[in-house]
Amino acid sequence: MAHHTYRLIGPDGAAYQSTRKGTLGGHRRRKVYGRLDCPGALRALARGGPYSKFRVFFADEATAIAAGYRPCWLCMRAEYAAWKRAHLRSECRALPARQ
């Protein structure tokens with residue numbers, strides 16, 4: 001029996017082959033990850049066009065984050081809100097102090 005392999009993205013951002021399906025999908029250009037049943041991703045796939053060309057898959061959320069992707073605001077709202085708060089805090093720390 002032949003085993004199907006899947007192309008996943010690792011924490012270093014490089015693609016690799018796996019015998020296990022990814023649990024999350026993403027968009028390489030936008031650096032966004034989300035559930036495989038994300039309504040936004042499903043709409044984009046149904047429309048056709050270039051979306052599928054930039055689709056990537058991850059074994060888990062930790063791998064997606066390590067590869068530099070952020071959560072989808074549509075299908076992962078709680079994760080997105082936490083990411084946004086952390087992102088805003090890090091931007092505030094990077095601002096120069098007022099004189």
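Hydrogens, waters and symmetry mates play no part in the numbers below; they use all other heavy atoms, side chains included. Remember, it's a predicted structure, so these values are computed and weren't measured experimentally.
Taking the six-membered ring for Trp and thresholds of 30 and 60 degrees, Tyr69 and Phe58 have ring planes more than 60 degrees apart, a perpendicular arrangement.
When atom types are taken as modelled, the side chain of Arg70 and the backbone of Lys84 share no donor-acceptor pair closer than 3.5 angstrom.
Rounding to the nearest 0.5 Å gives a distance of 13.0 Å between OG of Ser90 and CZ of Arg85. Here CD of Glu79 is found 9.0 Å from CZ of Arg35. Values are rounded to the nearest 0.5 Å. Within the model, atoms CD of Gln17 and NE2 of His4 stand 8.5 Å from one another, a figure rounded to the nearest 0.5 Å. In this structure, Ile9 CD1 and Thr63 OG1 are separated by 10.5 Å, a value rounded to the nearest 0.5 Å.
Hydrophobic clustering (ILVMFWY, side-chain heavy atoms < 4.5 Å, transitive): Phe57 and Tyr16 are in one cluster. Note on Leu8 and Val32: separate hydrophobic clusters, where clusters join Ile, Leu, Val, Met, Phe, Trp and Tyr whose side-chain heavy atoms are under 4.5 Å apart, directly or indirectly.
Summarising the geometry of Ser52 relative to Leu45, their closest heavy-atom pair is CB-CD2, 3.8 Å, with the distance given to 0.1 Å. In terms of heavy-atom proximity, Pro39 sits nearest to Cys75 at CD-CB, 4.3 Å. When every heavy atom of His27 is checked against every heavy atom of Val56, the shortest pair comes out as N-CG2, 4.2 Å. Between Gly34 and Cys72, the shortest heavy-atom contact is CA-CB, 4.2 Å. Smallest separation of non-hydrogen atoms from Asp60 and Leu24: C-CD1, 3.7 Å.
Grouped by direct or indirect side-chain proximity (heavy atoms under 4.5 Å, Ile/Leu/Val/Met/Phe/Trp/Tyr only), Trp83 sits with Trp73, Leu74, Tyr80.
By the 6.0 Å contact criterion, CZ on Arg55 is enclosed, its count of non-hydrogen atoms from other residues, nucleotides or ligands being greater than 12. The number of heavy atoms from other shown groups lying within 6.0 Å of NZ (Lys31) is above 12.
Counting heavy atoms from C-beta outward, Pro71 and Tyr33 have side chains that approach closer than 4.5 Å.
With sequence neighbours left out, the side-chain contact (heavy atoms from CB on, under 4.5 Å) criterion links Arg20 to Ser18.
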